[in-house]
Amino acid sequence: MDNRKYNIYFNTHTVSGIIICAILYVMFFAGSFSFFKDDLASWQKNESYLSPEAGVKKDFNGILDSLAKHHTLKGRDFDMTMQRHQAGVYVAMTASHDPIVQKLKKPKKKPEGRRGRGRGRGGDDDLAFFTYDFSKQQEADYASSYTIGEFLYRLHFLAQLNQVFPFRIGVPFGYMLAGIVSFIFLFALITGLLLHWDKIVSNFFTFRPWSKRKTLWTDLHTVLGVIGFPYQLVFAITGVILIFNSFLIVPYTKLFYKGNDEKIYKDLGYGVKQEFTYANKALTAKFDINQLVTQTEHKWQNSDVSLVAIRNYGDENMHVVIQGKPHTDVQLNGQGELVYRIRDQKILSERTPLEPASYIHTVRGLILRLHFGDFGGRPLRVIYFVLGILGCIVINSGVMIWLVARDNKNIPARKRTFNFWTANVYISSSLSMLPVTAFTMTALLFLTKPGQSDIYHWYFYSWLALSVYFLIRKDLALVNRQSLLLSVVTCFAIPLANGVIRGNWFWNTFQRNAFDILFIDVLFLCLAIISGVILWKLEQEKRSQASPAPVKEKVGQLGAA
């Protein structure tokens, strides 16, 4: 490779990497833990979704009965989206299509914290959005059912920034920033690969951990970067598509759909595509949603129901639409749909989940499967997690290479000061994330019913405090050692506190088959052990460098003098 191309690739890779390194680290770190979103939710709530799974009764009639206590249901539409663990459901209720219900006024103010509200076309308490737990037969709004798993999942695409910066340019600010970072990350990946292309094989097998600092960081960055390149490339591409999809479809919406966003999303396979006219006549036929769902589940073997939608509730033209997805070990992509008319108990159309997937569902499903890693069970998610953490190490090593290369006497003092503080801010904020995450999870054990605000306060305030403390120390080596020590303590505290406070010792959770809770405890125990081993190695190296030279070596040096 000639010098001109090498300099172009090198400068592009370095500049793009430094610009996005801090945000990219947050996205990789939080995204790695969000692969275990459901396990983290089980751990926090102390409710295993695995052990009672067979005994959970999916009572959709109970959801409607619960809603009927606060709303007039006639003429409303319902979307009940199953959660991945199948033990709960997200419920969305629209305003009523019935003109009489639209004129009704709500007689009294509803209790706070029960349901989400929004603007609608009238009716009593117009819209509602909440989660419903089948095992407890309870409902909760989004904020009160918030978990650390949901927090980390949303942090990995910077959703929390939408509340800090409420303005939007096509998409909310946090999503836009995450999409821009993902796009720049593509440049960093491609230019990094081209930079090492000529020596990619030899560099891959070269690792000198006991050499000088710059050599160590360079080898670490190169080896782990090559190993994780396919993974990182997949996440960069799928991340850009998932975050920027609203930007990408704008031209098609304007050109082919005359600005109708809802219609293009339906054509892309989101939600229920069919439209059902409100007849404004009372329904006389009896119906049982539970029975209909159970019959459909029996018909659709090796599949799970993903959506139960009701249109025009209580009206003569009431329909129920049931959608399902195949088990990934049988078929990777696909979507089944059954449309049922209540008045004559007739199935209008049916497509089983195991039928060959359409082009749209194949492409959309492939992007989602690759990004979320939900097609290979827990082992694949563990592999994704490890590769994500390796990506964090690649980012850190890249920053250290950048700093060490510019820490010499040829660089003016003011530039060296700027470079150091840039790296100091990044290292302080990034290395504090693991102990802060473990500390927040431990703190949640002492709260009765932690919600969204509790998680925000404990996480962000402790993150700010620890980052500021590390910044003040102005010693990157010290920050590294102390962050490892805090990681050992806080990560080990998670299984210990879970056992002492809740009695969830390893053997207890194993005996009752609560493997999701057990997994989180084992995961953080492993992180504590790994952090401890790394800290021990660093301390050993520090002592060996600080120890005096042997007597023979000193005599030889004096003789030479």
Side-chain angles (χ1 to χ4, degrees), residues 21 25 28-29 32-33 202-228 231 382-383 385-405 407 420 423-439 441-442 466-467 469-496 520-550 553:
C21 63
Y25 184 96
F28 263 89
F29 181 90
S32 298
F33 279 94
S202 60
N203 287 348
F204 180 80
F205 292 100
T206 302
F207 185 59
R208 295 156 288 184
W210 313 120
S211 185
K212 57 183 180 180
R213 286 190 302 162
K214 184 179 179 182
T215 303
L216 169 63
W217 291 121
T218 302
D219 291 348
L220 196 65
H221 188 75
T222 304
V223 172
L224 296 183
V226 172
I227 292 174
Y231 169 88
V382 171
I383 294 174
F385 173 82
V386 172
L387 290 172
I389 297 301
L390 291 181
C392 294
I393 298 175
V394 170
I395 299 170
N396 278 353
S397 59
V399 173
M400 295 307 299
I401 293 171
W402 175 84
L403 177 63
V404 172
D407 187 20
F420 170 78
N424 191 23
V425 170
Y426 166 75
I427 294 296
S428 299
S429 58
S430 62
L431 293 187
S432 57
M433 284 195 72
L434 179 57
V436 164
T437 301
F439 170 75
M441 291 178 62
T442 305
L466 188 57
S467 299
Y469 166 75
F470 284 158
L471 277 173
I472 295 173
R473 298 310 301 265
K474 295 187 291 185
D475 186 339
L476 300 185
L478 180 68
V479 168
N480 187 29
R481 291 195 300 272
Q482 291 192 352
S483 65
L484 286 170
L485 177 60
L486 288 174
S487 297
V488 173
V489 174
T490 55
C491 289
F492 183 74
I494 286 181
L496 180 63
I520 295 300
D521 285 338
V522 172
L523 173 65
F524 278 91
L525 179 61
C526 293
L527 292 175
I529 294 173
I530 294 171
S531 300
V533 171
I534 297 173
L535 179 61
W536 178 66
K537 289 288 186 182
L538 290 177
E539 290 297 329
Q540 270 194 331
E541 182 182 356
K542 182 182 177 182
R543 290 195 189 100
S544 64
Q545 292 175 352
S547 60
E553 184 178 339

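Computed from a predicted structure; not experimentally measured. The first residue of the sequence shown is numbered 1, and numbering continues consecutively from there.
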Trainee: Determine the minimum heavy-atom distance between G225 and V394, stating which atoms define it.
Mentor: N-CG2, 3.6 Å

Trainee: Return the minimal non-hydrogen interatomic distance between S397 and H221, and the atom names on each side.
Mentor: OG-ND1, 3.1 Å

Trainee: With side chains defined as the heavy atoms from C-beta onward, is the minimum distance between L466 and Y469 less than 4.5 Å?
Mentor: yes

Trainee: How far apart are the C-alpha atoms of V399 and S430, what are their side-chain angles, what is the distance that settles it, and do they pass the side chain to side chain contact (heavy atoms under 4.5 Å, CB included) test?
Mentor: CA-CA 11 Å; V399 173; S430 62; over 6 Å; no

Trainee: Is the backbone N or O of V425 less than 3.5 Å from a side-chain atom of S428, with the two atoms forming a donor-acceptor pair by type?
Mentor: no

Trainee: Considering all heavy atoms of both residues, which atom of F420 and which atom of K474 are nearest to each other, and what is their separation?
Mentor: CZ-O, 3.6 Å

Trainee: Is the backbone N or O of S429 less than 3.5 Å from a side-chain atom of S432, with the two atoms forming a donor-acceptor pair by type?
Mentor: yes

Trainee: Kindly indicate whether the side chain of L523, heavy atoms from C-beta on, has any atom under 4.5 Å from the side chain of F385.
Mentor: yes

Trainee: Mind checking whether F33 and F29 have parallel, tilted or perpendicular rings, split at 30° and 60°?
Mentor: tilted

Trainee: Using 0.5 Å steps for rounding, measure from the CG atom of L535 to the CD atom of Q540.
Mentor: 11.0 Å

Trainee: Please determine which of I427, N424, L476 meets the side chain to side chain contact (heavy atoms under 4.5 Å, CB included) test together with L403.
Mentor: L476

Trainee: Measure the spacing between CG of L478 and CG of L485 and express it to the nearest 0.5 Å.
Mentor: 10.5 Å

Trainee: Can you name the closest pair of heavy atoms from A438 and C491 and give their distance?
Mentor: CB-N, 3.8 Å

Trainee: Can you label the angle between the Y25 ring and the Y426 ring as parallel, tilted or perpendicular, going by 30° and 60°?
Mentor: perpendicular

Trainee: Taking the side chain as C-beta and beyond, is there a heavy-atom pair between L431 and N396 under 4.5 Å?
Mentor: yes

Trainee: Is any side-chain heavy atom of T442 less than 4.5 Å from a side-chain heavy atom of T490?
Mentor: no

Trainee: Residues in side-chain contact (heavy atoms from CB on, under 4.5 Å) with L496, at least two apart?
Mentor: F492, V500, W505

Trainee: For the CG atom of L527 and the CD1 atom of I389, what is their distance to the nearest 0.5 Å?
Mentor: 7.0 Å

Trainee: Distance check, rounded to the nearest 0.5 Å: S487 atom OG versus M433 atom CE?
Mentor: 11.5 Å

Trainee: Just wondering, do L484 and R481 contact through their side chains at under 4.5 Å, heavy atoms?
Mentor: no

Trainee: How close do V488 and G532 get, heavy atom to heavy atom, and via which atoms?
Mentor: CG2-N, 3.3 Å

